[in-house]
Protein chains: 2
Amino acid sequence: MDQTRLRSLLAIAEHGGFGRAAAALGLAQPSLSRQIALLEQEVGRPLLYRHGRGARLTEDGQRLADAARPLLTGLANLASALDDPVPRGQVVLGVPTFMSVHLAGSIFGELRQRYPQLHIRLVDGFSGFINQWLTEGRLDIAILYDSQRSRAIMAEVLAEEDLLLFAHRRRARDLRGEGLEQDPVPVSALAELQLILPDQQHGLRRALHRAGAHPDPALLLEVDSLAAIRTLVEHGLGWSVLPRAALTQEAAKRCYILRDLGAPPLRVRLMVAVSPARGMTPALRAVLAHLHAMVARLQKRGIMSAPAARARQN
Amino acid sequence: MDQTRLRSLLAIAEHGGFGRAAAALGLAQPSLSRQIALLEQEVGRPLLYRHGRGARLTEDGQRLADAARPLLTGLANLASALDDPVPRGQVVLGVPTFMSVHLAGSIFGELRQRYPQLHIRLVDGFSGFINQWLTEGRLDIAILYDSQRSRAIMAEVLAEEDLLLFAHRRRARDLRGEGLEQDPVPVSALAELQLILPDQQHGLRRALHRAGAHPDPALLLEVDSLAAIRTLVEHGLGWSVLPRAALTQEAAKRCYILRDLGAPPLRVRLMVAVSPARGMTPALRAVLAHLHAMVARLQKRGIMSAPAARARQN
DNA sequence: TATCAGCTATAGCTACAGGCTATGGACCAG
DNA sequence: CTGGTCCATAGCCTGTAGCTATAGCTGATA
């Protein structure tokens, strides 16, 4: 979203009208009219309510303005980042289990090489554990799902991931019996399947719960180990649900069935959170930037999606 | 700083060269060359190290890239802000004493009006106390000086402020005797003056200490109350040091002397920090945005400065 | 050391985004 | 009803950021 257009929006909000804002910004009023028109077109809804004596932010406009302001001042102050000292020291990074494989290489390769004085300890676990460790101060920074109420700072949305239903090929008849031959499989169908899932406290279960999935307790194996879940699924003992990034290996093998889940697709938001016990040091900033870069790479490979507005018009 | 230029920088860093990055971005290589040249000109230092086989980030470039990446993804994901629910609930905001006068009006006026369901409690105190309350979870969000080691999240730099030395006019001879008729007064001169300052644990004292100011204990009154400091100074009992924003009243009256302090000017960075005990809710986002807007207004009035790179060439 | 391949910088051109002026039309106050 | 204030639209103009072509540099290799 364009910087100058957002600044225009803020200026109009601040000065209460196009004309006054234009004067303050040192440009002509019609220029602002056009910029705002384009911005409103981009987001697909009105951002300003024009009344006879000027203009005020609509509710959408207000939220956009609130979200944009810190980013814009951040951009304006970027030069000061050059004064920060070089990242150094230890950073303990917690990630959901399946992400460690995507991260390990670049963390101990690129990042280590760039900042030799920066020592990173990578810890993985189910997101419930990660969350807990973060609030306990055992982690400095972590990747989490937004589905859990965290006492830590939810700093930013990193990406969105589709959740996929999967099983060994020999279980194909489970769905065929239900008449669920084509994607997506509705969430309600989970109640009929033999499922292998982690415990309630983990983000995955919460996301499923929020989406209205109610696994039959009689058909549910609760297993808090990704490796174990994989093994059980491989042996055809049931179905499981995991984010796409966790299933790159399974997607490559022909012996698995991977099915889209829910319409609209069932998704979780991946957030990055910073420990309460740690200031935002240059070291953390470097790790944060690296996580962003890594996620961007996964997005490019189609494994994750950019977090999008849920209700977009056009 | 321009968004597309920063994206160019990131792309080159990622792909290891202008040509490959240009291909990835879908544009021609010379375009990138020019954008980067302009960016480097803007920050006044080289950001990329060109070697025969491509280009790599310099240390400055790396830090800029690290700082920019989260901002850029934030901008790219702005549309999702429109989906956030309306801000509501209680937020406890802590600010340094002297800032409450600049804030109170707009907090309980504009912000209250915009979000009727958002209830803000404003707490002020010396920054040492604010810091402590924040880590204890008594505050949700706070404005602080960066000079203290905080266990809270240092989210962002808001602004910089000059520290001014001031006293009642009748104490002018203190400086005249030292031959300090013209600005700025060197920091070392503080050792010779009768000073009235808050306790060691407060940001102001730490900033002075870091700048090499060593007040003579025999000439120092330690007073942890802004009102009391003001009164004492008004009665001519000594000199004090406060940020410019705290001295708007004194600046208007003719009976005070206000002097610049230190060369380069002695400054403190104003940060905004979020409580460990609170997630980044829409309510907090709204307050955060409001603080940014308020600080921008103060900057426009010349009371605060934008945080700038310390060592700028041109 | 000389050569070549691969990369970036420079020069000059073009096009479009974003600025401006002029003007029309809506809205509110008196 | 009328005048004033304000935003939207139309049409023009300029500057920026894109493009192609080419020069110049660098590092690898023979």
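Naming convention: chains lettered A, B, ... in sequence-line order (proteins, then strands); numbering from 1 in each chain.
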- Rounded distance (nearest 0.5 Å) linking atom CG of B/L298 with atom OG1 of B/T248: 9.0 Å
- Item | SB check A/D162 A/R244 (cutoff 4.0 Å) | yes
Quick one: [X] [atom1] to [N] [atom2], roughly how many Å, whole number?
X: B/E42; N: D/dA17; atom1: CD; atom2: P; answer: 11 Å
X: A/Y49; N: D/dC6; atom1: OH; atom2: C1'; answer: 14 Å
X: A/L48; N: C/dC27; atom1: CG; atom2: C1'; answer: 17 Å
X: A/F18; N: D/dC7; atom1: CZ; atom2: P; answer: 6 Å
X: B/R56; N: D/dG27; atom1: CZ; atom2: P; answer: 12 Å
X: B/L39; N: C/dA9; atom1: CG; atom2: P; answer: 13 Å
X: B/Q3; N: D/dT16; atom1: CD; atom2: P; answer: 18 Å
X: A/H51; N: D/dC6; atom1: NE2; atom2: P; answer: 10 Å

- Message: For B/T58 and B/D60, which I'm curious about, is there any donor-acceptor pair between the side chains at under 3.5 Å?
- Response: no
For [N], does OP1 or OP2 lie under 4.0 Å from any side-chain N or O of [X]?
X: B/R20; N: C/dG6; value: no
X: B/R50; N: D/dC25; value: no
X: B/R53; N: D/dA28; value: no

Taking only N/O atoms, report every protein-nucleotides 16-20 of chain C pair under 3.5 Å with atom names and distance.
residue : atom : partner : partner atom : Å
C/dG18  : OP2  : A/R5    : NH2          : 2.9
C/dG18  : N7   : A/R34   : NH1          : 3.4
C/dG18  : N7   : A/R34   : NH2          : 2.9
C/dG19  : OP2  : A/Q35   : NE2          : 3.3
C/dG19  : N7   : A/R34   : NH2          : 2.9
C/dG19  : O6   : A/R34   : NH2          : 3.1
C/dC20  : OP1  : A/A28   : N            : 3.3
C/dC20  : OP2  : A/A28   : N            : 2.5
C/dC20  : OP2  : A/S31   : OG           : 2.9

- Query: Are any side-chain N or O atoms of A/R50 and backbone N or O atoms of A/L48, one a donor and one an acceptor, separated by less than 3.5 Å?
  - Reply: yes
- B/E161 side chain vs B/A245 backbone, donor-acceptor pair below 3.5 Å: yes
- Decide if atom CZ of A/R56 counts as having more than 12 heavy atoms of other residues, nucleotides or ligands within a radius under 6.0 Å. no
- How about A/Y49: does its OH atom have over 12 heavy atoms from other parts shown lying under 6.0 Å from it? no
